[in-house]
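Residue numbers start at 1 and run along the sequence shown. Indexing begins at 1, ligand by ligand and atom by atom, following the structure's order.
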Amino acid sequence: MPTIFSQIVDGDIPARVVHEDETTFAFLDANPLAPGHTLVIPKADHGRLNDIPVEEAADLYATIHRLIPAVEAAVDADATTVAFNNGEAAGQEVPHVHCHIVPRFEGDGGGPIHAIAGETPDLADDELDDIADAIGDRV
Ligand code: AMP
C-alpha cells in the first residue's frame, strides 16, 4: 500500500505542489504550523532517513537547500525551523521520509528544537564518555 505521500507524488491525492524534480518532491503541509510550512520528500517510498540510499539523500538535501530561501522569501519569514521526525517514537506519523520547513517569525511564540525534550537527562562525565565512544565505534 503506497503511503499518502506516494499518492500525492502520483497525483492521486491533491496537494499544493511547490517543487518537483526527478527524485524529490515538495508541497505545502495540509495543517501548517505557520504560513509556508512545506514538506520535502524523496519520491521513492522510504520510511526513515537512513533507509534512503546516499545518492538520493544528497538529492533530498539539495532540494531542501534550494527551498529554504524560497520559502522564507515567499512568506517574508525571519528564519526557519527545519526538522525530520525520524521514527514513530519521535512523532513521525506518515511513514515516508519528509523534511518539515517551518517558517519562523520574530516573536511568533514558538520554541527552539530543544523544546522537543520532555525531561532532560542529568548525565555524569563517565556516562557521556561511554555514549560518545558507543556512537564513535558504530560510525
Ligand atoms: P509527521 O508527524 O512528521 O509524520 O508529519 C506529517 C505531516 O504531514 C503533518 O504535518 C501533516 O499535517 C502532513 N500531512 C498529512 N497528510 C497530508 C496531506 N494529504 N497533504 C499535505 N500534508 C499532509
Among [options], whose side chain to side chain contact (heavy atoms under 4.5 Å, CB included) with [X] holds?
{"X": "Val97", "options": "Ile41, Leu60, Asp51", "answer": "Leu60"}
{"X": "Lys43", "options": "Thr23, Asp21, Val9, Asp10", "answer": "Val9"}
{"X": "Cys99", "options": "Ile64, Thr24, Asn85", "answer": "Ile64"}

Consider every N or O of [X] and every N or O of ligand 1, then say whether any pair is closer than 3.5 Å.
{"X": "Asp29", "answer": "yes"}
{"X": "Ile8", "answer": "no"}
{"X": "Ile13", "answer": "no"}

Backbone, side chain, both or neither: what part of [X] comes under 4.0 angstrom of ligand 1, heavy atoms only?
{"X": "Leu28", "answer": "backbone"}
{"X": "Phe27", "answer": "side chain"}
{"X": "Asn31", "answer": "both"}

Determine, using ring centers only, whether His98 and His96 are less than 6.0 Å apart.
no

Looking at the rings of Phe5 and Phe25, which for Trp means the six-membered one, are their centres under 6.0 Å apart?
no

Would you indicate whether Glu88, at its atom CD, is surrounded by more than 12 heavy atoms from other residues, nucleotides or ligands within a distance under 6.0 Å?
no

Just wondering, more than 12 heavy atoms not from Asp125 lying within 6.0 Å of its CG?
no

Would you mind checking which non-hydrogen protein atom is closest to [atom], with the distance to 0.1 Å?
{"atom": "atom 3 (O) of ligand 1", "answer": "His98 NE2, 2.7 Å"}
{"atom": "atom 16 (N) of ligand 1", "answer": "Ile4 CD1, 4.1 Å"}
{"atom": "atom 8 (O) of ligand 1", "answer": "Phe5 CZ, 3.4 Å"}
{"atom": "atom 4 (O) of ligand 1", "answer": "Glu93 N, 2.6 Å"}
{"atom": "atom 2 (O) of ligand 1", "answer": "Gly91 O, 3.0 Å"}

I need the atoms of ligand 1 closer than 4.0 Å to a non-hydrogen atom of Asn85, numbered in the order shown.
1 (P), 2 (O), 3 (O)

Determine whether a donor-acceptor pair (N or O, by modelled atom type, separation under 3.5 Å) exists between the side chain of Asn86 and the backbone of Leu49.
yes

Using only atom types and a distance under 3.5 Å, with no angle test, would you say the side chain of Arg16 pairs donor to acceptor with the backbone of Ala30?
no

Selection from Ala90, Pro95, Ala30 by shortest heavy-atom distance to atom 20 (N) of ligand 1:
Ala30

